[in-house]
Protein chains: 2
Amino acid sequence: MRLVDTEPGQSRYAALASAMRARIVAGEWPPGSAIPAEQTLAAEHGVALGTMRRALDLLAEQGLLERVHGRGTFVRQGLSGAPMLRFFRFGADEREAPRSRILARDVLAAPAEVARALACGPGEPALRLKRLRSVGGQPALLEEIWLPLPAFQALADGDAAAWGDLLYPLYAERCGVHVHRAVDTIGFGNLGAAQARALQLPAGHPCARVQRQAYDLAGRCVEWRTTRGDAHAFHYTVSIT
Amino acid sequence: MRLVDTEPGQSRYAALASAMRARIVAGEWPPGSAIPAEQTLAAEHGVALGTMRRALDLLAEQGLLERVHGRGTFVRQGLSGAPMLRFFRFGADEREAPRSRILARDVLAAPAEVARALACGPGEPALRLKRLRSVGGQPALLEEIWLPLPAFQALADGDAAAWGDLLYPLYAERCGVHVHRAVDTIGFGNLGAAQARALQLPAGHPCARVQRQAYDLAGRCVEWRTTRGDAHAFHYTVSIT
DNA sequence: AAGTGGTCTAGACCACATC
DNA sequence: ATGTGGTCTAGACCACTTG
């Protein structure tokens, strides 16, 4: 029977949740796989079923686990799509899948801000991508993406044209990196000359700027991205309570 | 003992939650007051304590109730502040409370879009406010606010200069309207000449536009508001999982 | 001390998915 | 049929708040 350190003031189920989180982050059950049944885990930790359920519910709320009635409890896969387009409304048919094209791929010294976020030494080499996303054949979003380098070496080589339209599944397949959480910071700016050209807009045109930092299960920042698109196409809804 | 219709496929606690929601919306316990103890409610409905707790937890998650250990369970007051400024970063000292000034107050026929949202007949009279919010003495946000009219008659009369800096507490005190939920839609645009003048910016300057619809406990739209501020001061962070 | 919500238990039974 | 998660019960005990 596994014992759990119970800090005073910490409830049993919270301690159990931490313990389970540690086992998941350590890779005991890889993303997408099922963890043992509630009964098994409860017995293993010597607690009542309800207490273990409470712990697992907590982790599910936090997005670490996914519970499926009748099938089991699973470690969540990475974020499915890259829902960058949810911030924009372009006239084109929404059902049509957006297309991606890699405009540039270079190994460069990361700027200070990027290096700090990615936790690689300042000036250390990183992989930089420039990417254009199109909707209905029209250029819509321009992205600049920084990836830390030993981890993403697999993307520095090979044919980028064969990558497909979604990056996160690619990260998972080719580099074993699962994006689990992301923080987007929205701001406003103006397009530089080259950026405007890529988006077929006049230079200096107003743009919405979304700066994203993406994290894996262990909380490491694994992607630093800036996305720009026509400010007039920007549209976002927030519900507050 | 109160009985609850249990639709097939609906769990007991969900049905209980609906029943409690109805009693709250009906005003059985006004905002800010405590509801009876869990034990009492459980007995009243003839269910186990755990089941009633589950129902109340659900309503708490939905923001309808607020649970306080040792004191009781309370019907939530309206949204505390009007956190419109969370969308912006102005240079001024953040600790300093923003100030408000009413620029105009008129009873007018509501435009079609507003009338539809407020569920008053198109062209029926409504109260329109124009309001300027300043931070550190500098004009920052310009607001246009529409309120449905029999309900807000108390604000059509009296001295608007004495209103103070927050509107939602005012709605509660003077009109008995509690704002419980709001939906903000963000976009970018350009300032008209008069708007720019009020904000001390050049005409045509880019602005962020936040369109808010606020709802009371019963789900009625009780406020329609558009807020504009310098697009370059706009700044918002979203976490996704 | 009394009343409130929060935690934990042990067990029964139900609903869903799979073989 | 079996195994999974979801619901519900009845009760004990703990932690926090108030008079």
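Keep in mind that what you see is a predicted model, and the values were worked out from it rather than measured. Chain identifiers are assigned alphabetically (A, B, ...) following the order of the sequence lines, protein sequences preceding nucleic acid strands; residue numbering begins at 1 within each chain.
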Worksheet item: Residues in ring pair (Phe, Tyr, Trp, His ring centres under 6.0 Å) with Phe74(A), at least two apart?
Response: none

Worksheet entry | Atom-pair distance (CG on Leu49(A); P on dC14(C)), nearest Å | 17 Å

Worksheet item: Within this structure, what is the CE-to-P distance between Met52(B) and dT4(C), rounded to whole angstrom?
Response: 14 Å

Response to the item:
Atom CD of Gln39(A) and atom P of dC14(C) are separated, to the nearest Å, by 17 Å

Item to complete: Using the closest heavy atom to pick a nucleotide of DNA chain C for each, name whichever of Ala48(A) or Gly70(A) lands nearer the 5' end.
Response: Ala48(A)

Worksheet entry | Under-4.0 Å salt bridge between Arg86(B) and Asp184(B) | yes

Fill in: Atom CD of Gln39(B) with >12 non-hydrogen neighbours under 6.0 angstrom
no

Worksheet item: Applying the salt bridge (Lys or Arg N to Asp or Glu O under 4.0 Å) test to Glu143(A), which of Arg212(A), Arg131(A), Arg228(A) qualifies?
Response: Arg131(A)

Worksheet item: Between Tyr236(B) and Phe234(B), how do the two ring planes meet: parallel, tilted or perpendicular, split at 30° and 60°?
Response: tilted

Worksheet item: Atom CG of Asp157(B) and atom CZ of Arg174(B): how far apart are they, to the nearest 0.5 Å?
Response: 10.0 Å

Practice prompt. Provide, to the nearest angstrom, the distance between the CZ atom belonging to Phe74(B) and the P atom belonging to dT4(C).
Written response: 11 Å

Discussion item. At a heavy-atom distance below 4.0 Å, which nucleotide of DNA chain D is the first touched by chain B, and which is the last?
Written reply: dT7(D) to dT18(D)

Worksheet item: Does the side chain of Arg101(A) reach to within under 4.5 Å of the side chain of Arg133(A), using non-hydrogen atoms?
Response: no

Worksheet item: What residues, two or more places apart in sequence or in another chain, satisfy ring pair (Phe, Tyr, Trp, His ring centres under 6.0 Å) together with Phe152(B)?
Response: Tyr171(B)

Worksheet item: Is the count of non-hydrogen atoms from other residues, nucleotides or ligands lying under 6.0 Å from Arg105(A) atom CZ greater than 12?
Response: yes

Worksheet, complete the sentence: So, with a heavy-atom separation below 4.0 Å from DNA chain D, the residues of residues 28-38 of chain A are Ala37(A), Glu38(A)

Worksheet entry | Residues forming a side-chain contact (heavy atoms from CB on, under 4.5 Å) with Arg67(A), sequence neighbours excluded | Glu38(A), Arg53(A), Leu56(A), Asp57(A), Ala60(A), Thr73(A)

Worksheet item: Which ones in residues 54-68 of chain A lie close to DNA chain D, meaning a heavy atom under 4.0 Å from one of its atoms?
Response: Arg67(A), Val68(A)

Practice prompt. Decide whether Arg21(A) and Gln62(A) meet the rule of one side-chain donor and one side-chain acceptor closer than 3.5 Å.
Written response: yes

